[in-house]
> 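Next up is a structure, given as structure tokens.
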Amino acid sequence: MVEPLEHLNQHIVSCERCPRLRAWCQDVAREKKREFMADNYWGRPVPNLLPIPTQTHVGKLLIIGLAPAAHGANRTGRMFTGDRSGEWLYRALHKAGFANQPASRHLDDGLTLSRCAITAVCHCAPPDNKPGKLEIVNCQEYLTQTIEFFKPQVFLALGQIAWKSLMDHAKAHELLSSQPVKFAHGASITFNDGRSGLASYHPSQQNTFTGRLTEPMFDSIFAEAHRLLEITDRPS
Ligand code: SF4
């Protein structure tokens, strides 16, 4: 029997709900970038990246990104793989013990995640990294199902749009006891069901090249995620 998360991934990969994004991803995959001319671009919606499926008894972290990069995950077919943002993310995940290696370059590079999964607000790369409002709404159902099936104890939203999607999900599922928390690097929230949400600046070049997000700032978010997961692991 296909596991629900794998079944969901199959559904995501064949999704055609957003004509603008589907057409753009395919155009990018056809035209390519000079340095990746030899690559066979993925060009489809990018599925959730799931951990090794053996750890049902421990708390889990769900990382929510914005969308695949045109020549990153839209090329390689794996979340945050083959681009600069991914270099930051996997380095931090490896340091914090959530990934077995500090780099993620292509589908067959041996990367595995431990007790964390990576999803996105939109599973298709958008032009200028900006999905439209309707496209975000179209894809929100996949986020809801990912949360339902993966059952994370801690959420980490990378960037303002991911944080808003998380707050929208919490509002729709009556998980907020007060007003939604505003986005800021290091912002956090405890939901009604005891689960936690964390916010971080997105590790995009716009943030990392300008020093808005530094390596210690990013590492501290994963240290906090670890701390929160350890609390959920403790026997009560
Ligand atoms: S962005 Fe999401 S909803 Fe839209 S086509 Fe891609 S997978 Fe489907």
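Both backbone and side-chain heavy atoms feed into the values below; hydrogens, waters and symmetry mates do not. Counting convention: from 1, in listed order, for ligands and their atoms alike. The chain is numbered in sequence order, starting from 1.
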> Applying side chain to side chain contact (heavy atoms under 4.5 Å, CB included) between R91 and each of E87, K95, H94, report the one that passes.
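Between R91 and the candidates, side chain to side chain contact (heavy atoms under 4.5 Å, CB included) is satisfied uniquely by K95.
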
> What closest approach, in Å, do A70 and V28 show between heavy atoms, and which atom pair accounts for it?
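Answer, listing the atom of A70 first, then V28: O-CG1, 3.6 Å.
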
> Step through the shown structure and confirm whether more than 12 heavy atoms of other residues, nucleotides or ligands are within 6.0 Å of CD on E148.
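Atom CD in E148 is packed in, count exceeds 12.
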
> Kindly check if the number of other-residue, nucleotide or ligand heavy atoms within 6.0 Å of CZ (R22) is above 12?
yes

> At a cut-off of 2.8 Å, list the protein N/O/S atoms near atom 4 (Fe) of ligand 1, residue plus atom name.
C18 SG

> State plainly whether the residues R17 and E141 are in salt-bridge range, i.e. N to O under 4.0 Å.
yes

> Please list, chain by chain and in numerical order, all residues satisfying salt bridge (Lys or Arg N to Asp or Glu O under 4.0 Å) with K171, sequence neighbours excluded.
none

